[in-house]
*Asks:* 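What follows is a structure written as structure tokens; I'll ask about it next.
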Amino acid sequence: MKPLSDEDLIARLRAEGTVAPLAGILPLLALTELAERRMREAQASVAEGLELSRTLGYENDETGLLGVQARIAALQGDAEACRDSAREAL
């Protein structure tokens with residue numbers, strides 16, 4: 001059996017309504033998307049992950065996602081958004 005891609009796994013979890021693992025997986029997906037320079041996808045993954053992690057009270061996942069958000073802002077040259085995200089992560 002072929003292993004699921006990140007996108008397939010996330011789609012499956014969404015379809016099943018299994019949200020708890022998504023909060024931990026979305027930061028990894030966002031980092032992968034960021035490494036591939038897929039900024040819009042990375043931003044969408046971060047936004048979804050932040051919403052989930054805040055709703056579920058998963059502070060560690062929220063902190064990691066804020067770090068990814070800061071990195072995205074830095075790569076886009078938005079120093080203020082980078083600082084804001086980094087400050088919020090602390």
Side-chain angles (χ1 to χ4, degrees):
M1 182 174 193
K2 180 181 169 186
L4 294 175
S5 69
D6 291 342
E7 288 85 1
D8 290 340
L9 175 60
I10 289 169
R12 183 176 177 181
L13 291 171
R14 286 179 181 138
E16 293 173 353
T18 309
V19 295
L22 276 176
I25 293 170
L26 286 168
L28 302 174
L29 176 61
L31 284 171
T32 299
E33 292 165 337
L34 186 59
E36 295 172 350
R37 299 292 192 235
R38 296 169 35 209
M39 297 296 182
R40 287 185 184 169
E41 291 91 341
Q43 288 172 318
S45 294
V46 166
E48 182 180 5
L50 283 172
E51 181 179 346
L52 280 173
S53 62
R54 288 172 175 160
T55 299
L56 298 170
Y58 291 178
E59 293 178 6
N60 289 340
D61 292 319
E62 180 182 358
T63 300
L65 285 156
L66 288 167
V68 177
Q69 184 171 276
R71 186 176 290 177
I72 292 169
L75 289 170
Q76 293 176 328
D78 189 342
E80 184 177 347
C82 178
R83 279 191 301 274
D84 291 344
S85 293
R87 190 175 303 116
E88 190 176 352
L90 298 174

*Asks:* When clusters are formed by joining ILVMFWY residues with side-chain heavy atoms under 4.5 Å apart, either directly or through shared neighbours, do I72 and L29 land in the same one?
*Replies:* no

*Asks:* For the residue pair S53 / E62, report whether a side-chain donor-acceptor contact shorter than 3.5 Å exists.
*Replies:*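 No, because no side-chain N or O of E62 sits under 3.5 Å from a partner of the opposite role on S53.
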
*Asks:* State, with a plain yes or no, whether a side-chain heavy atom of L65 is found less than 4.5 Å away from one of Q69.
*Replies:*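 Not in contact.
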
*Asks:* How long is the straight-line distance from CZ of R38 back to CD of Q43, given to the nearest 0.5 Å?
*Replies:* 12.5 Å

*Asks:* Tell me if the CG atom of N60 is crowded by more than 12 foreign heavy atoms within 6.0 Å.
*Replies:* no

*Asks:* Side chains of R71 and Q76: does their closest heavy-atom pair fall under 4.5 Å?
*Replies:* no

*Asks:* If you group Ile, Leu, Val, Met, Phe, Trp and Tyr by side-chain heavy-atom gaps below 4.5 Å, do V46 and L31 land in one group?
*Replies:*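 V46 and L31: one cluster.
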
*Asks:* Nearest 0.5 Å, what's the OG-CD1 distance between S45 and I25?
*Replies:*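 Result: 11.5 Å between the selected atoms.
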
*Asks:* Is it possible for you to say whether L52 and L50 belong to one hydrophobic cluster, with membership spreading through side-chain heavy-atom contacts below 4.5 Å?
*Replies:*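 Cluster IDs for L52 and L50 differ.
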
*Asks:* Could you report the tightest heavy-atom contact between P27 and D61, atom names first, then the distance?
*Replies:* CG-O, 4.5 Å

*Asks:* What are the two closest non-hydrogen atoms of A20 and L56, and how far apart are they?
*Replies:*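 Shortest heavy-atom separation between A20 and L56 comes out as CA-CD1, 3.9 Å.
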
*Asks:* Is it the case that more than 12 heavy atoms not belonging to E80 sit under 6.0 Å from its CD atom?
*Replies:* no

*Asks:* List the atom of C82, the atom of A73, and the distance in Å for their closest heavy-atom pair.
*Replies:* N-CB, 3.5 Å

*Asks:* Mind checking the OH-CG spacing from Y58 to L22? Nearest 0.5 Å is all I need.
*Replies:*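 If I round to the nearest 0.5 Å, the distance is 10.5 Å.
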
*Asks:* If you count every heavy atom of other residues, nucleotides or ligands that lies below 6.0 Å from E59 atom CD, does the total exceed 12?
*Replies:*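 Count not over threshold, so no.
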
*Asks:* Output, in order, the C-alpha distance, side-chain angles, deciding distance and verdict of side chain to side chain contact (heavy atoms under 4.5 Å, CB included) for E41 and L34.
*Replies:* CA-CA 8 Å; E41 291 91 341; L34 186 59; over 6 Å; no

*Asks:* Of all residues at least two apart in sequence or in a different chain, which pass the side chain to side chain contact (heavy atoms under 4.5 Å, CB included) check with A44?
*Replies:*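 Expected list: none.
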
*Asks:* Any salt bridge between R54 and E88, counting N to O under 4.0 Å?
*Replies:* yes

*Asks:* When rounded to the nearest 0.5 angstrom, what is the spacing between OG1 in T32 and CG in L26?
*Replies:* 11.0 Å

*Asks:* Hey, could you give me the CE/CG distance between M39 and L75, rounded to the nearest 0.5 Å?
*Replies:*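 So the CE of M39 and the CG of L75 are separated by 4.5 Å.
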
